[in-house]
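Taking it in order: structure first as structure tokens, then the write-up.
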Amino acid sequence: QVQLVESGGGLVQAGGSLRLSCAASGRTNIFYTMGWFRQAPGKERESVAAIVSSGGSTYYADSVKGRFTISRDSAKNTVYLQMNSLKPEDTAVYYCAAGGYGTTWYVPNKYNYWGQGTQVTVSS
């Protein structure tokens with residue numbers, strides 16, 4: 001059984017930082033691409049960042065480039081999203097997702113597994 005569990009969300013003031021974690025369990029060897037998505041009320045789920053296991057390439061949405069950093073600790077089967085200089089528009093539920101080889105990083109339905117989400121709220 002594959003399970004992804006996010007943590008680290010919370011309430012922060014604009015300009016502050018948070019670090020999200022996504023702990024994976026089960027058949028983690030099939031996870032080639034790990035991504036973070038977010039969904040604000042009334043909006044579609046959007047890609048935030050992704051990282052691939054081979055070479056560690058990372059990808060970011062334009063809206064978070066320079067502010068967010070994705071990383072992974074393979075020994076702990078955990079992916080992180082360090083979020084700095086947070087803005088009110090970053091407020092959303094953040095989801096971790098895992099996909100196999102060839103996953104198009106920014107397309108939600110290309111991922112096979114999802115976490116339950118963690119709320120991030122940035123106050124102005």
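Numbering starts at 1 and runs along the sequence shown. What you see is a predicted model, and the numbers here were worked out from it, not measured in a lab.
In the hydrophobic clustering of ILVMFWY residues, with side-chain heavy atoms under 4.5 Å counting as a link, V93 and L81 come out apart. No continuous path of hydrophobic side-chain contacts links W105 to Y113 [ILVMFWY only; heavy atoms under 4.5 Å]. When hydrophobic clusters are built by joining Ile, Leu, Val, Met, Phe, Trp and Tyr residues whose side-chain heavy atoms come closer than 4.5 Å, directly or via intermediates, I51 is not grouped with Y59. Under the 4.5 Å side-chain heavy-atom criterion for grouping Ile, Leu, Val, Met, Phe, Trp and Tyr, V107 is connected to Y32 within one hydrophobic cluster.
Interatomic distance, T103 OG1 to K110 NZ, rounded to the nearest 0.5 Å: 9.0 Å. For the atom pair OG1 (T121) and CG (D90), the distance works out to 11.0 Å, reported to the nearest 0.5 Å. The CD atom of Q39 sits 8.5 Å away from the CD atom of E44 when rounded to the nearest 0.5 Å. Taking CD of Q119 as the start and OG1 of T91 as the end, the distance is 7.5 Å to the nearest 0.5 Å. With rounding to the nearest 0.5 angstrom, the OG atom of S63 is 8.0 Å from the NZ atom of K87.
Residues V122 and E89 fail the side-chain proximity criterion, which asks for heavy atoms closer than 4.5 Å. With a 4.5 Å cut-off on side-chain heavy atoms, R45 and W114 count as touching. Here the side chains of S21 and K76 are not in contact, with every heavy-atom distance at 4.5 Å or above. Between L20 and V120, the closest side-chain pair of non-hydrogen atoms falls below 4.5 Å. With contacts defined as side-chain heavy-atom distances shorter than 4.5 Å, the pair F68/L86 qualifies.
Side-chain atoms of E6 do not come within 3.5 Å of backbone N or O of T118 as any donor-acceptor pair. A donor-acceptor pair under 3.5 Å links the side-chain atoms of Y60 to the main chain of I70, judged by distance alone.
Looking at every heavy atom in both residues, S17 comes nearest to N84 through OG-OD1, 2.9 Å. Between S124 and A14, the shortest heavy-atom contact is CA-CB, 4.4 Å. Minimum heavy-atom separation, S85 to R67: O-NH1, 3.0 Å.
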So R38 and V64, side chain to side chain contact (heavy atoms under 4.5 Å, CB included) or not? Walk me through it.
CA-CA 12 Å; R38 65 187 182 187; V64 306; 4.0 Å; yes
Report the C-alpha separation of F37 and Y111 in whole Å, then their side-chain angles, then the decisive distance to 0.1 Å, and conclude whether the side chain to side chain contact (heavy atoms under 4.5 Å, CB included) test is met.
CA-CA 11 Å; F37 290 78; Y111 288 78; 3.4 Å; yes
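Salt-bridge annotation for K65 and D62: present, with a side-chain N of the basic residue lying under 4.0 Å from a carboxylate O of the acidic one.
Within a 6.0 Å radius of OH in Y106, no more than 12 heavy atoms belonging to other residues, nucleotides or ligands are found.
Checking each of T78, V52, L4 against M34 for a side chain to side chain contact (heavy atoms under 4.5 Å, CB included) leaves exactly one that passes, namely L4.
The ring-ring contact (aromatic ring centres under 6.0 Å, His included) analysis of residues 75-97, with sequence neighbours excluded, yields no pairs.
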